[in-house]
There are 4 protein chains.
Amino acid sequence: MGELLGVAVLGAGHMGADHIRRLARVVSGARVVAVADPDLARAEAAVAGLTGVTVHTDPLAALDAPGVAAVLIASPGPAHEEALLAAFARRLPVLCEKPMVPDSTGALRVMEAEAALGRRLAQIGFMRRYDAEYRRLKALLDGGGLGRPLMLHCTHRNVSSPDGFTSAMLINSSVSHEIDAARWLLGQELTAVTVLRPTPSSRAPEGLSDPQFVLFETESGALVDVEVFVNCGFGYQVRCEAVCEAGSARIGEAHTMVVTTRDGAREEVARDYLVRFADAYDCEVQAWVDATRRGEVTGPSAWDGYAASVVAEAGVRSLETGARVTVEAAPRPALYARPGG
Amino acid sequence: MGELLGVAVLGAGHMGADHIRRLARVVSGARVVAVADPDLARAEAAVAGLTGVTVHTDPLAALDAPGVAAVLIASPGPAHEEALLAAFARRLPVLCEKPMVPDSTGALRVMEAEAALGRRLAQIGFMRRYDAEYRRLKALLDGGGLGRPLMLHCTHRNVSSPDGFTSAMLINSSVSHEIDAARWLLGQELTAVTVLRPTPSSRAPEGLSDPQFVLFETESGALVDVEVFVNCGFGYQVRCEAVCEAGSARIGEAHTMVVTTRDGAREEVARDYLVRFADAYDCEVQAWVDATRRGEVTGPSAWDGYAASVVAEAGVRSLETGARVTVEAAPRPALYARPGG
Amino acid sequence: MGELLGVAVLGAGHMGADHIRRLARVVSGARVVAVADPDLARAEAAVAGLTGVTVHTDPLAALDAPGVAAVLIASPGPAHEEALLAAFARRLPVLCEKPMVPDSTGALRVMEAEAALGRRLAQIGFMRRYDAEYRRLKALLDGGGLGRPLMLHCTHRNVSSPDGFTSAMLINSSVSHEIDAARWLLGQELTAVTVLRPTPSSRAPEGLSDPQFVLFETESGALVDVEVFVNCGFGYQVRCEAVCEAGSARIGEAHTMVVTTRDGAREEVARDYLVRFADAYDCEVQAWVDATRRGEVTGPSAWDGYAASVVAEAGVRSLETGARVTVEAAPRPALYARPGG
Amino acid sequence: MGELLGVAVLGAGHMGADHIRRLARVVSGARVVAVADPDLARAEAAVAGLTGVTVHTDPLAALDAPGVAAVLIASPGPAHEEALLAAFARRLPVLCEKPMVPDSTGALRVMEAEAALGRRLAQIGFMRRYDAEYRRLKALLDGGGLGRPLMLHCTHRNVSSPDGFTSAMLINSSVSHEIDAARWLLGQELTAVTVLRPTPSSRAPEGLSDPQFVLFETESGALVDVEVFVNCGFGYQVRCEAVCEAGSARIGEAHTMVVTTRDGAREEVARDYLVRFADAYDCEVQAWVDATRRGEVTGPSAWDGYAASVVAEAGVRSLETGARVTVEAAPRPALYARPGG
């Protein structure tokens, strides 16, 4: 564990700046050596106070900067494909924020490019796999004591949606987390999806179908339902209950302090995913740094990124038609393990 | 509040015997004066220790016994229609266990018979309306502070199903409680139903589709989902979360004692509906006795009994076909208030 | 179970009127036949709508009224001794609200009078023994699975104290419930008491030592601590944690509905003991009616009433002196079982 | 934020090895450059896989090793005084595990030595101040919304005590955490202590007075009670309830996953303080590294270390005598802020 891992960060927006801070001041064993953003001033602001970092407008220039041994992609989704292929060409390990590639055709190209290399370089940023509660649930299910999972009941609520959020984004941006989590928890692919649209909340922006209720079917016939409600107004809540043959297990209801006043006994509800999943992001990046320094690639793979794209696209079609849509995916290359691996 | 209300109880099986005990020893203001059961020995056993009760094999004889001022019907479902019509003919107030009548055609006949009388005589035994938690949730929703309800998430789990329980009975026996509760809580009719069948638990008897996942749509476009799982093995759980525009509210997770040992912190889960809803049955019968002594009829009506039949029949068709089925009900007579009334 | 039990109720104030309502309209098997109160109008108001009841200003006249087979004493504490002795003289079974007799000398006289009869007639109104949560805790401790109890941690909070409430009343009125509950749960007598006085809350009336922290020692060396806080402002809370050799168990934190809004996840806290313990009062009186109709006397005895007086008096002395005070009780007559019996 | 902070770690036992791992692989901005332990093999094992570290048997040699810019003391308590004074002589910032110095006389010498320097160098390892739940409680109390704190109810339970654990160590090792936490949360000194000894658990080793119940009084007349039970057998539990004039707040009951099986609904209870407080240790060391790199000293001071010693010694005297003991402390030097600072 000698040298610090030199990381190029692509993208210095909200998420990129947070990852730069994390690499520089939170996780152990890494340092930021290059940052790229089309807005150079934004890149410079994100590295203020750090030494030994070069800033670039061209992401490829950042990849080629001295000391770069790994890449963290936090640029907008449409820029991911080119960045991933460039990292592959340079044989650089890469941590790529979700979505890996916004459309499944591009995702397929990325996956096939990596498969052609014959070894994994990419980890996709499905950070829930690094959340302590999800890991505990995964360990419980894998342990087998509760028997076969029959259903997952999921809730995904945000206080409010950002400007420009569309009905399709409830599926391909919000529910994409549940898509990966369900595949990983169950160790199975999702085979069909049906999206239901209750009458929207009057708090949702005009034209936004919010909330939605999404039903997934799995290879073995398990059922996954997701309430997604991005203008719920009252908090950021991510819950999951696994119902199995011999019991059920729930996460996402942890509380840390109970305050009792004349208004009753009250627990705080987190209002932001960066708060709720702060530790998960830290663990994700630390795990990626540690594995990379050992010369390994672990975590969600390009197949996972591709599978999430394909399922999300089927979901958007169901949203549009109201009908059940089956998921049609390319065959899984031998390089990639089962989703629960 | 002078005279005790003389009640004829039809049926002395499990439920009938429990109601006889309740009328005689728990609720105030009533006494059992006649009991009918085809098995006379069973009727006699159920009234052991009570005085002033006549026992009969013929339910009509029980209705005509001296001192009878009201009827409680706890006989098997197929016997209900005749008993209800006989009570109506005698202008006797009646509390009828659910289902009011097993098939919607018979239910319609009963409702029309009462409507023709021009006044209500029947209260149907949807006892969840008398459960303290459901009442609190109803009061909260009616208060309006949480805004319009958008979704209800319901869970209905039993340890194991009795012999002879069929896949259709998950809908028309178990979920019929959620059908009434949803109509009452939301103050709306259910307009369509879709039943999904996950791969059954290996603990379910051969051929039983258990669990099932049932989706109801309402007049205003709200969504009601119900997990029904009658061989879950781990307890009797009835939960309901109402998701509204300004917040959510959950019931069914009450605990009374937390025991911490080397196995963790543990709360008991009720194993039986007669335990979980014991107070609700007591309150239901007390409320019926009190109203009857005042000369009033309150609580779930024959319309509620009919509506539950119609919705459950649509659910069973969806179970068989896998498709969404719309609910086709007769018009509601003026005698009956909205479901939330 | 033929005849209804005819009950004379002494006292028609807040508690007496509530018991009259309970006997007439809630519990099964009893009827109110006589009521006595120095304020005749108050007695008449309390029986409005009931038939067959005589009202009296003289409690002895009520005991002698036609149809009286049992007595419920809900008059002020100073009137209890005379009423109890009069009931004993008439061999009438009696349910006496706490305190049995306010001072331990009078309590001793009552207990000795009953012991001289050679049979029990009195049940004392320690209604927590009839609360479902306390009963569950008692059953758990008696079951032995958690091993020997080492400590009880108790909390007793009221929103605010009534006018005229004194520092001593925190002990002999509020904590007297914990005195009986601890004796019953542990099946042991309390042998010493120390009262600590933290700086009072600014919400407490001038001169009232509120909160107080009370420590009891038991025969076997277990420790019972009680926070009593009668002007806490935020709710009525009664909690108890039993810490044993193999685990702990807590009651008093039950919730029925969780409401989540932008202010967090909130559970209601009861504000009044008649709400929190409504079921316990119902069960207590029903159990007394049932036992009395069977010719039995069960529940807390005159010894329990006497013991509570003696311990509370020691507590008040400790409150005044700040020192530990040992409890000096008369020997227990053979008629009375151990406190946990 | 250029150079990594070079740290000498004194002591390579259980806690020292854990801190070496933390500095090398978890926190950002530091590296271990020297380790001292009387057992050289143990020191070498603790740094296996790290580069650029020298190992020593003499702690002073470690302080003088090249690259040392700060010291972390994790050696046994009796070695702390000499190590602290040596660090002060070298003007090295130091993080010293608790107890700062086991006896208050030595603790006073250390504090006076630092005070004579006129600036702070030492941070004492009371890591609860870095636990997320405690910080939230502190923020709530400081915010003032609940009014003045009147009482703290604390629980401190371990599964079992290590060999050689004495009755005094329940106070000066276990409860010392509550001593610091109470001083910090309330922003007040503790002025008196009374230790009660319930009959020991049969699971406690022969001769060990376990559990104990400890009462502290504060400057303003608040009361702090602590159940300490180091052989409870069922888990590691650290709870704290602050009872204030306008409400109460509780921490230490967080759960992450609820598992429901036929044995009930169960939450895991942590079994070890390194699990429960893992994040707190990480945050404590990260905060120390960050402050040191900025040239600052924050966190619990030598005064806090001294005050904890003095209060714990008073507690041990109360344990021995059974009587209330007042705390007699030296005056607080101007260098040190109030305990809640």
Side-chain angles (χ1 to χ4, degrees), chain C residues 145-157 159 186 188 192 194-204 209-229 231-235 237 239 241 243-250 253 269 322-324, chain D residues 145-157 159 186 188 192 194-204 209-229 231-235 237 239 241 243-250 253 269 322-324:
Chain C
L146 294 190
R148 184 163 51 84
L150 304 167
M151 291 170 283
L152 293 184
H153 303 312
C154 308
T155 310
H156 185 147
R157 295 174 184 155
V159 175
L186 300 175
Q188 297 180 50
T194 310
V195 178
L196 291 98
R197 309 166 64 146
T199 300
S201 170
S202 61
R203 294 174 174 237
S209 191
D210 181 34
Q212 297 177 22
F213 194 76
V214 187
L215 290 157
F216 296 105
E217 302 163 40
T218 79
E219 287 174 294
S220 79
L223 197 68
V224 179
D225 57 88
V226 184
E227 176 206 313
V228 56
F229 189 5
N231 289 281
C232 82
F234 50 87
Q237 291 188 305
R239 308 185 307 201
E241 177 178 22
V243 185
C244 304
E245 294 188 318
S248 82
R250 286 196 295 175
E253 324 220 22
V269 173
R324 176 178 178 277
Chain D
L146 294 190
R148 185 164 50 84
L150 304 167
M151 291 172 282
L152 293 184
H153 302 311
C154 308
T155 311
H156 185 147
R157 295 173 184 155
V159 175
L186 300 175
Q188 296 181 49
T194 310
V195 178
L196 291 98
R197 309 166 65 145
T199 301
S201 170
S202 61
R203 293 174 175 236
S209 189
D210 182 34
Q212 298 176 22
F213 194 76
V214 186
L215 289 157
F216 296 105
E217 302 163 40
T218 79
E219 288 173 293
S220 79
L223 198 68
V224 179
D225 57 87
V226 184
E227 176 206 315
V228 55
F229 189 6
N231 289 281
C232 82
F234 51 87
Q237 291 187 307
R239 306 186 305 201
E241 177 177 24
V243 185
C244 305
E245 295 188 317
S248 82
R250 286 196 294 175
E253 323 220 22
V269 173
R324 176 178 177 276

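No hydrogens, no waters, no symmetry mates; every other heavy atom, side chains included, goes into these values. Only a predicted model underlies this, so the values are computations on that prediction, with no experimental measurement involved.
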* Rounded distance [0.5 Å steps], CZ in R324(D) versus CG in L196(C) -> 9.0 Å

* Asked: So, do T199(D) and R148(C) sit near enough that their side-chain heavy atoms are less than 4.5 Å apart?
  -> yes

* Asked: Considering the options T194(D), D225(D), L215(D), which one meets the side-chain contact (heavy atoms from CB on, under 4.5 Å) requirement together with L215(C)?
  -> L215(D)

* Between S248(D) and chain C, which part of the residue has a heavy atom less than 4.5 Å away: side chain, backbone, both or neither? -> both

* **F213(C) vs H153(D) side-chain heavy atoms within contact, under 4.5 Å** => yes

* With chain C, which of C244(D), A204(D), A246(D) has the greatest number of heavy-atom pairs at distances under 4.5 Å? -> A246(D)

* To do: Evaluate the side-chain proximity of T155(C) to V243(D): yes if any heavy-atom separation is below 4.5 Å, no if none is.
  => no

* Structure fact -> Counting heavy-atom pairs under 4.5 Å with chain D, the top scorer among Q237(C), R197(C), R239(C) is R239(C)

* To do: Measure the shortest side-chain to side-chain distance between E217(C) and P198(D) over non-hydrogen atoms and say whether it is less than 4.5 angstrom.
  => no

* Minimum heavy-atom distance between P200(D) and E245(C), given as atom pair plus value -> O-OE2, 4.4 Å

* For chain C, the option from G147(D), C232(D), P211(D) that forms the most heavy-atom pairs under 4.5 Å -> P211(D)

* Let me know if R157(D) has heavy atoms under 4.5 Å from chain C in its side chain, its backbone, both or neither. => side chain

* Asked: Tell me, side chain or backbone of S202(D) under 4.5 Å from chain C's heavy atoms, or both, or neither?
  -> both

* Heavy-atom distances under 4.5 Å only: say whether L150(D) touches chain C with side chain, backbone, both or neither. => both

* Asked: Quick one: are E253(D) and R250(C) in side-chain contact, heavy atoms under 4.5 Å?
  -> yes

